[in-house]
*Asks:* 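Provided herewith is a single structure, encoded as structure tokens, for subsequent inquiry.
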Amino acid sequence: MPPKRKAPPGQASAAKAGRASAMSTPGPATPRSLDSSMMSEADEDFDEDVTEAQREREAMLSKEADEFVNKFTFGGKRLQGQSDDSGREVRRYDAATPFFRKRDFSHLPLKPDHQNRPLWIDPDNCTVVLERFNPLAEQATDFLITIAEPKSRPTFLHEYALTPHSLYAAVSVGLRPRDIINTLERFLKTSLPDVVRKKIEDHTRSFGKVKLVLKHNKYFVESVDAEVLQTLLKDKVIGALRVHGSGSDKFTTSYAPTMGGLVIPGTQNAAGVHQANLKPAEKKPGEGGGASNEADLFTALNEEDDDDDKEAVHAFEISDANVETVQKRCLDIGYPILEEYDFRNDDVNPNLEIDLRPNTQIRPYQEKSLSKMFGNGRAKSGIIVLPCGAGKTLVGITAACTIKKGVIVLCTSSMSVVQWRQEFLKWSNINPDDVAIFTAESKNKFSGSTGIIVTTYSMVTNSRERSHDSKKMMDFLRGREWGLMLLDEVHVVPAEMFRRVISSIKSHSKLGLTATLLREDDKISHLNFLIGPKLYEANWMELSQQGHIAKVQCAEVWCPMPTEFYDEYLRANARMKRTLYAMNPRKFQACQYLINYHEARGDKIIVFSDELYSLKQYALKLKKVFIYGGTSQAERMQVLENFQHNPEVNTLFLSKIGDTSLDLPEATCLIQISSHFGSRRQEAQRLGRILRAKRRNDEGFNAFFYSLVSKDTQEMYYSSKRQAFLVDQGYAFKVITQLANIEKTPDLAFATPQESRELLQRTLVDNERGAEDDVETDDLFGKPGRGGGRGGNGRKNNGGGVRRTAGMLSELAGGQDMAYIEQNKAANKALKGKGGKKGAGGGGADGQSKFFKGLQREKDKSRARGA
Ligand SMILES: Nc1ncnc2c1ncn2[C@@H]1O[C@H](COP(=O)(O)OP(=O)(O)OP(=O)(O)O)[C@@H](O)[C@H]1O
């Protein structure tokens, strides 16, 4: 079942509206968007894959709902708006009531002018729902972004959650609890429930009282309130982790909690405007974005914060290894620990000469995200979430230009390392000698007393024997205090890797960057302690409306399975099921149809498949180029270059190695034929591949994202689960059940029952022994698998490394099979041209893999049997 959001009235239907809405197949003319002749019939027919536990749970819920209906409506004879036996008015229940069960808050009295107010609140879980169509929606949005975490933002209703971290973030930009309460009260349709009021007061009372600071390469827990520190030391977990004997307990210092004077470079005017602290009166008309809007909302910000008095601070030391435990415990006992870097008063670490170039202007959402980081004049550690192609790199660089101390950048691959360095040189005036790279190939230090090091997670966490140079470099990295640690793509890095990075390299502030703060393993909460809370999450829809990322039309194409395929599917094991629903001939035809259609209208298409067998079969049959883990680096580059510049090469088949790190602004259409179960992250990452579309600002331009799913199979369930994140971002998935005139497609594959049966037989035989491993590096630019190299994510990569020869091909069984494969090798190989390197390995005819070897063995055996 799709994840069931506990939605307030209207929310669920708003989110669902997108999926269920009607659409039509693209007609013969060049449409600007998906239209609507092919209707979705069933929306939620996902029985196939529902587990036993889920079934039981649903049965229970449905029983509960029935009982509820029975009690309050028909069976109990208490009908809507009626009095009970004692004459007391009973709550009003209607036919929809059972669906909300305990989450029905119709008893909260509405204010008389509630229509004019944009917010609803769920007192149980502090969820706030915003009516986007309300005239006050803009103001309310700015307010909510400051105090709450966005959860779901489809077209009409947005959902936010008040969390300890979000409330802390609000306090740290200068809002007092009473500002939060009063403003909420103003926007709410009901009065603010006491329980929420109390939560806000409780959660904000102790914020900012405890700080984690780095001094002389050691971590200290600090507070200006000696009593608070005593409370922490008396705690059985924290007390035991205090480092004694370093004199740390007597350690006191002073700091100036100033707010004024901070300049985020690149804002509004190139010289830098003090957006974060702009007072309402100072705001110039027409200035959008940034904290200035927020300043509008709150007339009474905490003036006392401007006080420059120095205060005594009490502190005790903790070891590097215990930082995370102490942070977690402090949050549990109501003293969320705050990691802030008062970089302007750091006289210990040398300053870095770095500024944004004068012509660099950061965009309003980039500025807004940075104003969350530097909200009170210091650098708060945390994570900024911006969609792919929205310019996370520039956000990181601007943070570095604001702090102006040593920076260490951690990336997922050595290709990204090179790109980050180039971006630093492009956007800032940093001396090239001050940006050094630490990878397997290059181990340079910067020339001056401080600088920037760009490296990969695996370089700094590598536990194998290091070379002499690497060791020296690691000592160099460990021996310094860094002002800022930039962590790229934080959602893909294992928590353990972060732990190792953070415990070996000391930095005063950390900024994590990601497009989707999503992990299916729920480990994402670890990032709160390892890096910091989410500071800002952009609204994808807003960015696409403003032209910063492309507008995308999303569609799910339902492909029925021929009976014989479906029979096999029902009998097959899990692995074979996946192969069968990917190899469904109706899906193949849909893919062929969509490729033809979009190529004809000038699109460049990427077809994604996680299933290597089908990836190759599709690409070969359709004579298209493809890249997967086993494709050599040279061949990858050649294929990508052709895809970008060669008008003859308009479709590229990619395995999951292309999910990230792929910058192909030419691509305007994505077709997904197989994917990784219900991964919301993968779905978002894949969509991200077309958000940068070059043509995004052409009038009426749309990019297209199709998911092809085999009807009545597990894919239906996974697909709806995968879409949850994008639906929350406001994307509407339309359902196509019938592609118009598909049967008229020239050379339509598997058009006869005979061909369809042959495909089934071949698929079964080919995969009988278990097809090749799907072990793939996540990184398109990581090393291909030959010899078991390591991908950008440090995982072992088993990609096929055996070469295939023409002789072997000719021996593959069956005339039609041979023709099939022979025509197939053409696409990648054709690109090599006359001057192409022979035996470059990889995807084309050279890219031998376990699958082909297995197949060959199978054929050899059957020939032997025949003989
Ligand atoms: N303020 C800006 N002004 C002009 N161009 C910008 C700005 N911000 C970003 N860009 C451009 O937008 C493009 C995308 O930026 P970037 O590569 O940093 O995106 P990203 O968010 O890191 O994407 P991904 O998640 O796919 O890596 C780049 O070409 C970058 O130069």
Side-chain angles (χ1 to χ4, degrees), residues 264-270 272-273 275 288-290 356-371 383-402 409-413 415-428 454 456 486-493 511-518 536-540 542-544 546-550 552 606 644 654 657-667 670 681-697 703 725 729 778-781 792:
I264 297 175
T267 52
Q268 302 294 328
N269 65 39
V273 174
Q275 297 286 335
L356 286 185
R357 290 188 184 280
N359 55 355
T360 305
Q361 280 236 343
I362 61 170
R363 297 171 180 155
Y365 62 88
Q366 292 171 321
E367 178 189 341
K368 212 166 200 171
S369 67
L370 286 161
S371 75
I383 300 170
I384 289 178
V385 188
L386 294 177
C388 302
K392 287 181 279 298
T393 319
L394 185 54
V395 167
I397 293 170
T398 311
C401 293
T402 309
V409 186
L410 290 143
C411 312
T412 47
S413 69
M415 191 71 171
S416 309
V417 168
V418 176
Q419 283 167 356
W420 264 94
R421 185 174 183 276
Q422 280 164 351
E423 293 285 300
F424 262 105
L425 298 177
K426 175 178 162 190
W427 296 109
S428 78
V454 192
T456 61
L486 284 170
L487 300 131
D488 199 17
E489 313 255 19
V490 289
H491 59 294
V492 289
V493 182
L511 175 60
L513 298 167
T514 178
T516 55
L517 206 40
L518 277 180
Y536 180 78
E537 180 168 358
N539 182 335
W540 292 39
E542 224 170 85
L543 263 49
S544 79
Q546 292 160 1
H548 298 306
I549 55 176
V552 184
I606 298 177
Q644 283 173 288
L654 263 182
I657 60 166
D659 287 355
T660 55
S661 324
L662 177 65
D663 185 8
L664 283 180
E666 291 72 18
L670 284 190
R681 182 175 102 198
Q682 189 186 50
E683 191 90 346
Q685 279 172 336
R686 286 188 172 168
L687 181 85
R689 300 309 101 209
I690 42 173
L691 290 180
R692 295 155 170 252
K694 248 185 196 163
R695 291 159 51 198
R696 63 176 180 264
N697 287 322
F725 174 78
Q729 294 300 329
D778 273 347
D779 175 12
L780 183 63
F781 301 104

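Every number for a ligand or one of its atoms is a count from 1 in the order of the listing. Computed over heavy atoms, backbone and side chain alike; hydrogens, waters and symmetry mates excluded.
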*Asks:* Under a 4.0 Å heavy-atom limit, does A390 contact ligand 1 with its side chain, its backbone, both, or neither?
*Replies:* backbone
*Asks:* Is W427 close to ligand 1, meaning an N/O of one under 3.5 Å from an N/O of the other?
*Replies:* no
*Asks:* Just heavy atoms, cut-off under 4.0 Å: does W420 contact ligand 1 by side chain, backbone, both, or neither?
*Replies:* neither
*Asks:* Could you report the tightest heavy-atom contact between L370 and V395, atom names first, then the distance?
*Replies:* CD2-O, 3.8 Å
*Asks:* For the side chain of Y365 and the backbone of E542, is there at least one donor-acceptor N/O pair under 3.5 Å apart?
*Replies:* no
*Asks:* Is it the side chain (CB and beyond), the backbone, both or neither of Q361 that lies under 4.0 Å from ligand 1, heavy atoms counted?
*Replies:* backbone
*Asks:* Is it the case that ligand 1 has an N or O less than 3.5 angstrom from some N or O of G391?
*Replies:* yes
*Asks:* Check ligand 1 against I362 and write out every atom of the ligand that is under 4.0 Å from a heavy-atom position of the residue.
*Replies:* 1 (N)
*Asks:* Output yes when the distance from some N or O of ligand 1 to some N or O of G389 is under 3.5 Å, and no in every other case.
*Replies:* yes
*Asks:* P387 heavy atoms, cut-off 4.0 Å: which ligand 1 atoms fall inside?
*Replies:* 21 (O)
*Asks:* Do E367 and Q361 come within less than 4.5 Å of each other through their side chains, counting heavy atoms only?
*Replies:* no
*Asks:* Side-chain contact, heavy-atom cut-off 4.5 Å: L691 with W540?
*Replies:* yes
*Asks:* When rounded to the nearest 0.5 angstrom, what distance separates CG in L670 from CZ in R686?
*Replies:* 9.0 Å
*Asks:* Measure the distances from the heavy atoms of L394 to every atom of ligand 1 and state whether one is below 4.0 angstrom.
*Replies:* yes
*Asks:* Counting only heavy atoms closer than 4.0 Å, does ligand 1 sit against the backbone of T393, its side chain, both, or neither?
*Replies:* both
*Asks:* To the nearest 0.5 Å, what is the distance between CD1 on I362 and OG1 on T398?
*Replies:* 5.0 Å
*Asks:* Please give me the minimum heavy-atom distance between E489 and T412, naming the atom from each residue.
*Replies:* CB-CG2, 3.9 Å
*Asks:* Counting each atom of ligand 1 from 1 as listed, which ones have a heavy atom of K426 under 4.0 Å away?
*Replies:* 31 (O)
*Asks:* Is there a side-chain contact between L386 and L513 (heavy atoms, below 4.5 Å)?
*Replies:* no
